[in-house]
Structures are given as C-alpha cells and as structure tokens.
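Please read the structure below before turning to the comments.
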Amino acid sequence: MKRILISLSLITLYVACCLPTAKAQPSWAKKAGKSVFTLKTFAADGSLIASSNGFFVGAQGEAVSSFAPFKGAARATVIDASGKEMRVTGLIGANDMYDVAKFRVDGKSQPLTVAQSAASVGTTLWLLPYRESKNLPGGLVRKAEKFQDDYAYYTIAMRTPEQAVSCPLLNEDGEVIGILQPAASAADSLSYAISARFADSLKVNGLSLNDPTLRMTSIKTELPDNLQDANLMIFMASTSADSVAYAGLLDDFIRKFPNEPDGYTYRAQLSAASGDYASAERDMDQALKVASPKDNAHFNYARLIYQKEVYNSDKPYAGWSLDKALSEIREAISANPLPAYRQVEGNILFAQHQYDEAYKVFTDLTKSNLDQAEMWFAAARCKEMLKDTTTMLALLDSTMATFSKPYLKQAAPYLWARANAKMDARKFREAVSDMNDYEQLMSTDLNARFFYIRHQAELEGHLYQQALNDISRAVTMEPKETLYYAEKASLEIRVGHYDEAISTARECISVDANVSDGYLFLGLAQCLKGNKTEGIPNLQKAKDLGDPQAEQLIEKYK
C-alpha cells in the first residue's frame, strides 16, 4: 500500500509540472486586461484583411501585435477592452521573420509593464486574453532559446487557446514576458511566444522607408524620434514617396519637431511646387521665427522665391519677387557670408539682368571652396550677356583650365558650351577640337544632332572629309530625317561627288516625296553631270514644291 501511495504522489507531481494549468484571476489581471485589445486591418477597398490581438506597451498609444495582419493593409484599428475604437496612425517598427510589429494608435493608453529580463525554464507564464476571464490559462516554460544575443523565443507547456494569438504572456509579477504566436497545429500541446521586449524594442530609422518588411503594408511608417534620422527619412520620402505620403510625413515632422525650421522649409517647398504660394509663405515665415541662427532659413527662403520667379514667373504672387529674394539672401550673407549664399546672390542678380554685379560675385567666388569650373562658367555667361565675346571666351578657357587631360565626364558640358561659343565666334576648327574631346567623353550618349552640328563646324572650317563622315553618321542614326539627307547631298555636290549626291537625293525622296530638297539636289547633281534632260524636270518638281532656289537653277541650266 505504501508503494502505491508513493506512485500516486509522483503522478500528481508530474501533472502539476507538465500539464496546462488555470489560475484564479491574479490581483493584477483585472487592471492588466484593460491593456489588451482586438486589432482589425483593412484593404484599400475597406474589406477586412485580418483580426488579431495585441496590447499596449506605452502611455501614448504605443502597442505591439503580430505583423502578419498588416500585410497588404491600408488601414487598421484597435478595439480596447471597454469597446473604444482607435485608429492605427503609423508603424514604429516591424520584423517579418519573427512576425511582430510595434505601432501607435490615436489616443492615450494604459500600458503593460514589459519585463526587462527573460523568463527562466520552469517559470510559470499566464496568458491574458482580450476578454476578462475568471481563470487564466498558463503553463511552464519548457524552452527559452536565445536570439539576437539578448532576447528569447519561448516554448510553453500549454495548448494555444482559440483566437488568442498575439495576446500577452505574463509572469507572476504581472510583467509581460512574451507575445503568443500561432501553434504548430490545432493538436499541439505546446504554445510558442516571442520576447515582448524584442517587440517593444522595434524602431524605425532614417532608411526605414526602404525596409522591405515595412513596404509590405500601406500603413505609413512613423517618423524616428531622432532628429537626424527623421531628416534622413524626409529626404528619402522626397525622392521615393508619392506627394500625399510625403505631405503626411512633413505634417508629422512638424508635429514632432515644432521648433525645427527644416519641417516648415520642406513643407513650403512642397506647397510652392503645387502653386500654393500663400501656404509656402506662411511656413517660411514660421521657419524664420523658430530658426536660431536664422541665416539658413533666409537662404532657403531666398532660393525658394528665386526658383519660383525664374521657373514660374507666369504665376505672380504678391510680395514675392527677385527683389524680395535678393533681400532675403543678403540677410543670410550679413549673418554668415558663406560662399553658397553668395552663389545664390549671383544667380539672383543674373536673373535681374544685373550682369556686371553678378560677374563680380562669381569672379570673387572663384577663390572660394565652391566648384571652380561652375563659378568661371557663371562669370562667362555674364560676359556673354554683356556681348563681351573676347572676355567670355577667356573665361571659358579658365573654366576648362580647372580640368586636366584626359578629361573626366564632369568637363563635358563646359566643353560643349565652349565649342558652341567658338562656333559663334567663327573659330570653327577650335570648335571642332572641343567637340572631338566631347565625343571622347560622351561616346555612348551621342545622337544624330551632335554629328550634324559638328559637321556644320567642320564644313565652315573646310574639313570636308570629316564633315562628310559626320553627316553620314547622322543619316545612319536618324534615317527618317530628310534634313540630314539634304545636307549630305549638298556636301557631296560641293566636293564633286555627283553620283553619291544623286543616290543620297533619291534616298531623301524615298523618305518623303513631298520635301523639295530631294528633288533640288537630285536635279542639280544630274545637271552638273550633264544630264539636263532628267535634271531640269527634277528642279521643276522642287520649284513646284516651293523651293526658292529651284527657279534660278532652272534658268542657269535651261
């Protein structure tokens, strides 16, 4: 009999240690239950995607749950224990691998206390459901497997109750240890939980807009708490997000950092881009009000007005003018004479046609840390507008002198500008030399227009074979452009290649028989070969199509 009693005691101990347990409601359960909620997520068309659970971990609406319900969601709400519905305003962080998300709702919240240390094997954990229960399910921790060095993934001796996924598991002290995850199967006698401290630690950074996990949902990502990271996220959004999402982030930035001028500046730029100059003006005035020091705010204001006046001058706005922009940039310069500020001053003066004043600014800036080529080039443009061709060409030479051969691609636009200036100055062979260097830099980006222009320079410089090569390349690149055929046929006639000119002119006619050039050059080449019988009718056809040169040629060869 004694042996039987001992066996019964062992069985009782085994049951106590290994089977799921239920406990009468602990002292902390009623209060803690107010922190658990139901999460519902919806698609853009309003249809329900998923329903799950979660709980608050902060007093300002911070909450955690599974991430799976958020995938593909455009909107989400939570319903707390009292039945109050609150909108999810943004994601604070997410991890798809461990299926957890941290987010914020639009309201105050009663948070649970997240345990700062992991639960040990053998510890009892209690599941707190969404609805108040007299008996809380619980079980012993079978495993506490570490991940990321500091967190634990738990296996608990407890069946997962139906519809309890994402509910919190608490220790004896009422601290949250884990978030319940789905069981392996309905028959599984074990439950699994991810560290609540891990979920609570999730946060966004400046690059989170590109996070593949956060991009699985259309619910917006919350701004980081760190100002530097928040600024980086705003910059990323300006280049990758749609205007509505970007505008929402800017509003969030201003709410979060009301004394930072950057938020108002960014929003003013967005408003100005859409033509809402009144809103832009209000935001820039506020940026100036909160900025300390104020030089950068004056600089941004000047640049905003300048861009509007130069690129959208057809949309006047009272109070905004180039004079106002000049006043703002000079306020910035008086506070802090940075070269970047003076460059904007030069640009404004140039736009006001004050070319002498702008020239002085740009030549001064050639001694600064700004891009030397850009400053010399800006000075050259001033002299171009003043019709001082000699000085302009000298300044373009100074621009190119900032580079050394072999040229890098950054030199290409300045080479092209100098080549065109030399063409205008009738220095054709020098222009061709610059164009040759330009071709070396931009060989993969050249089009038929480039070869046509260089052919013109070569023609004027009496470089006939080079000109013929280039116009042939233009024809090859744009075989439907009759101008290039006409130019080629004209040059072939000029150098005495009459047979080639006849062939080129016929190709021109085959492309467009209603263009007079093909008939003009065909008839002229035929006449020059002595074949007036065919040549004059072709010249007559050119005349009939309106070519003013045809009649003189007909009279000459008739």
Side-chain angles (χ1 to χ4, degrees), residues 234-235 237-239 241-251 253-254 258 260-362 364-365 370 374-375 377-387 413 417:
I234 290 293
F235 172 75
S238 70
T239 58
D242 63 69
S243 58
V244 174
Y246 179 48
L249 275 177
L250 290 179
D251 291 341
F253 186 97
I254 289 169
E260 289 296 327
D262 287 347
Y264 303 103
T265 300
Y266 297 145
R267 193 166 67 180
Q269 291 167 347
L270 185 64
S271 296
S274 64
D276 186 359
Y277 301 116
S279 295
E281 183 178 40
R282 283 194 299 272
D283 273 336
M284 288 312 305
D285 287 342
Q286 185 64 20
L288 282 168
K289 182 178 179 181
V290 301
S292 181
K294 299 185 182 298
D295 57 290
N296 193 54
H298 283 296
F299 162 69
N300 285 319
Y301 203 178
R303 189 168 56 173
L304 187 64
I305 296 171
Y306 165 75
Q307 290 170 341
K308 183 265 172 196
E309 291 299 299
V310 169
Y311 301 112
N312 292 292
S313 57
D314 59 327
K315 299 176 182 177
Y317 177 68
W320 279 23
S321 65
L322 289 173
D323 287 338
K324 167 71 171 172
L326 189 61
S327 173
E328 289 293 334
I329 199 60
R330 285 179 171 166
E331 285 280 351
I333 291 168
S334 66
N336 189 8
L338 293 176
Y341 297 173
R342 295 217 62 209
Q343 183 181 9
V344 172
E345 180 189 24
N347 291 340
I348 295 169
L349 290 167
F350 186 92
Q352 290 180 313
H353 303 167
Q354 298 186 54
Y355 302 121
D356 279 321
E357 292 299 312
Y359 172 75
K360 291 174 185 176
V361 171
F362 291 130
D364 282 347
L365 289 173
L370 294 180
E374 188 178 350
M375 295 306 102
F377 182 69
R381 289 184 65 228
C382 294
K383 288 300 182 180
E384 178 186 10
M385 302 307 294
L386 292 166
K387 310 300 182 186

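Fair warning: this is a prediction, and the values are worked out from it, not measured in the lab.
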Kindly indicate, with the supporting measurements, whether the criterion side-chain contact (heavy atoms from CB on, under 4.5 Å) is fulfilled by Gln352 and Glu357.
CA-CA 10 Å; Gln352 290 180 313; Glu357 292 299 312; over 6 Å; no
Between Cys382 and Phe362, does a side-chain contact (heavy atoms from CB on, under 4.5 Å) hold up when you go through it step by step?
CA-CA 9 Å; Cys382 294; Phe362 291 130; 3.8 Å; yes
Stepwise side-chain contact (heavy atoms from CB on, under 4.5 Å) check, Asp364 with Met375
CA-CA 9 Å; Asp364 282 347; Met375 295 306 102; over 6 Å; no
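To the nearest 0.5 Å, atoms CD (Gln354) and CG (Leu322) are separated by 9.5 Å. In this structure, CD in Glu328 is found 6.0 Å from OH in Tyr301, a value given to the nearest 0.5 Å. Atoms CE and NE2, on Met284 and His298 in that order, are 9.5 Å from each other to the nearest 0.5 Å. Interatomic distance, Glu345 CD to Ile333 CD1, rounded to the nearest 0.5 Å: 4.0 Å. Rounding to the nearest 0.5 Å places CG of Leu288 at 11.0 Å from CG of Asp283. Note that CD of Glu309 and CG of Leu304 are 10.5 Å apart. Values are rounded to the nearest 0.5 Å.
In this structure, Arg381 does not pair ionically with Glu384, as no charged nitrogen and carboxylate oxygen lie closer than 4.0 Å.
Considering all non-hydrogen atoms of both residues, Leu349 and Val361 come closest at CD1-CG2, 3.9 Å.
For Ser327 (side chain) and Asp323 (main-chain N/O), no donor-acceptor pair under 3.5 Å exists by modelled atom type. A donor-acceptor contact shorter than 3.5 Å links the side chain of Ser274 to the backbone of Ser271. Checking side-chain atoms of Asp276 against main-chain N and O of Ser279 turns up a donor-acceptor pair under 3.5 Å. In this structure, Tyr311 contributes its side chain and Tyr306 its backbone to no donor-acceptor pair below 3.5 Å.
Both tests do not hold together for Lys308 against Tyr317: distance to the six-membered ring centre under 6.0 Å, angle to the ring axis within 45°.
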